[in-house]
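What follows is a set of notes on a single structure, which appears directly below.
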2 protein chains.
Amino acid sequence: MLQFTKSTEYGLIGLVHLADRRGEVVSVREIAGTYKISRRHLGESLKALCRAGLLKSQRGVHGGYRLALEPEQVALSTIVAALEGEPALTSCETDHAESAGCHVEPHCPIRSPIQRIRQGLWRQMEQTSLRALIDEPLALPGAPSPIEHLNLFPRGN
Amino acid sequence: MLQFTKSTEYGLIGLVHLADRRGEVVSVREIAGTYKISRRHLGESLKALCRAGLLKSQRGVHGGYRLALEPEQVALSTIVAALEGEPALTSCETDHAESAGCHVEPHCPIRSPIQRIRQGLWRQMEQTSLRALIDEPLALPGAPSPIEHLNLFPRGN
DNA sequence: GGATATGGCACTAAAATGATGCTGTTTCCG
DNA sequence: CGGAAACAGCATCATTTTAGTGCCATATCC
């Protein structure tokens with residue numbers, strides 16, 4: 001439904017929390033307790049982020065996780081990829097239709113348009129750092145302009 | 001998994017096909033046959049688009065669907081909303097947590113950031129017309145810039 | 001050596017999705 | 001008139017994905 005999974009959600013909660021305490025080692029227990037979320041599930045997400053190299057873990061009694069990188073260096077796209085894979089907006093892209101022989105091609109009228117949507121979304125996430133998720137300038141804009149001949153991602157590309 | 005549903009995919013296929021034949025009435029059979037997709041499922045998607053006012057239907061032997069509006073007037077966001085609802089990137093947003101009492105608030109560190117992501121994606125879709133999905137200027141851009149202090153949607157808002 | 005962490009699987013239950021069945025209504029055409 | 005073709009509306013069922021846990025191993029501190 002065009003929605004992040006719980007795993008991603010939990011991972012983001014953990015990352016933001018850890019970023020607030022840059023450098024410190026914080027346990028899953030503490031984070032889960034703070035936000036009243038499943039300790040186990042949060043743990044699974046942080047494990048995944050650790051395997052992806054975004055976190056470093058410390059075992060043992062006073063163990064826990066800490067950021068492996070500065071918040072400026074972590075892209076949202078990297079986080080999402082670690083927790084639920086890269087988004088593939090159409091089945092064409094997940095099913096390896098190209099190699100398997102997509103029976104819609106070469107007539108498929110949506111594939112490249114959808115790919116543009118996907119790439120635009122992905123690029124947004126690539127350009128959004130964990131830092132940007134923490135800071136809260138948030139002055140969300142006015143009404144979108146009327147949708148006449150607007151191209152998809154009109155950023156001079 | 002941050003992915004459109006099949007219903008949306010089929011709906012987009014139908015819309016693009018119908019836009020190619022602006023004004024003409026085209027049957028589900030023909031569209032499904034062209035792209036070798038499920039006639040029934042495609043039919044369900046087009047029914048939904050019809051209920052949403054994006055298509056007009058004509059019953060009977062030579063019946064089918066045609067666009068109710070010009071491709072320039074239809075936003076991708078409208079299409080997606082009709083076929084799978086507005087995207088809610090976190091469960092906070094679907095569960096009506098605010099009224100029900102989100103037990104993560106007021107500590108939830110991700111809610112507003114995620115909302116910004118969601119709004120940015122949604123705005124992209126609002127600004128993308130069906131026309132833009134048809135036209136294929138497609139000169140997809142170079143490498144994304146390094147992700148230092150980039151804000152989410154730096155469009156002068 | 002016991003308590004408290006993470007690490008790594010594997011498994012089950014619930015929810016979302018994909019696909020289809022059935023019946024009714026409208027329209028064309030012979 | 002009556003049958004065929006096409007949409008309308010629901011409802012059902014199978015599959016896939018997701019959410020949530022269980023279990024045990026390993027590491028660390030005290």
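Chain A is the first sequence line, chain B the second, and so forth, proteins listed ahead of strands; every chain is numbered from 1.
With hydrogens and angles left out, the side chain of Q58(A) and the base of dC29(D) share no donor-acceptor pair within 3.5 Å. One donor-acceptor pair, N or O on each side, does fall under 3.5 Å between the base of dT25(C) and the side chain of R59(B). If you check distances only, the side chain of K47(B) does reach the base of dG9(D) with a donor-acceptor pair under 3.5 Å.
Counting any heavy atom pair closer than 4.0 Å across all strands shown, G63(B) reaches sugar-phosphate atoms only and no base atom. Contact annotation for G43(A): no contact, since no heavy-atom pair falls under 4.0 Å across all strands.
Whole-Å rounding puts the E30(B) CD to dA5(D) P distance at 16 Å. In this structure, R51(B) atom CZ and dG9(D) atom P are separated by 5 Å, rounded to whole Å. The distance between atom CD of E9(B) and atom C1' of dT17(C), rounded to the nearest whole Å, is 13 Å. Atom-to-atom, CG of L46(B) to P of dC7(D) comes out at 8 Å; the value is rounded to the nearest Å. Between the C1' atom of dG20(D) and the CD1 atom of I37(A) lies a distance of 13 Å, rounded to the nearest Å. The distance between atom CG of L55(A) and atom C1' of dG7(C), rounded to the nearest whole Å, is 14 Å. One can place CD of Q3(B) at 9 Å from P of dT17(D), the figure rounded to the nearest angstrom. Distance CG (L2(B)) to C1' (dT17(D)): 14 Å, rounded to an integer number of Å.
We find that R21(B) and E30(B) are joined by a salt bridge, their nearest charged nitrogen and carboxylate oxygen being less than 4.0 Å apart. Using a 4.0 Å cut-off between charged nitrogen and carboxylate oxygen, R131(A) and E70(A) do not count as a salt-bridge pair. Taking the charged nitrogens against the carboxylate oxygens, R123(A) and E126(A) have no contact shorter than 4.0 Å, which rules out a salt bridge.
Counting only heavy atoms from C-beta on, V61(A) has its side chain closest to dT4(C) among dA19(C), dG7(C), dT4(C). The H41(A) side chain lies nearest to dA19(D) when the options are dT20(C), dA19(D), dT6(C). In the set dG7(C), dC7(D), dA5(C), dG7(C) carries the atom at the smallest distance from any side-chain atom of S57(A). Checking dA19(D), dT17(C), dA8(D) against every side-chain atom of S7(A), the shortest atom distance belongs to dA19(D). The side chain of S38(B) approaches dT20(C) more closely than any other nucleotide in the set dC7(D), dA5(C), dT20(C).
Between the side chains of E84(B) and T8(B), at least one donor N or O sits under 3.5 Å from an acceptor N or O. Side-chain atoms of H41(B) and S7(B) form a donor-acceptor pair, as typed in the model, at a separation below 3.5 Å.
Between H62(B) and T8(A), the residue whose closest nucleotide on DNA chain D is further toward the 5' end is H62(B).
Phosphate proximity of dT18(D) to Y10(A): absent, as no side-chain N or O sits under 4.0 Å from OP1 or OP2. Within the structure, a side-chain polar atom (N or O) of R29(B) is placed less than 4.0 Å from OP1 or OP2 of dA6(D).
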Working for side chain to side chain contact (heavy atoms under 4.5 Å, CB included), residues L18(A) and Y65(A): CA-CA 8 Å; L18(A) 290 169; Y65(A) 294 96; 4.0 Å; yes
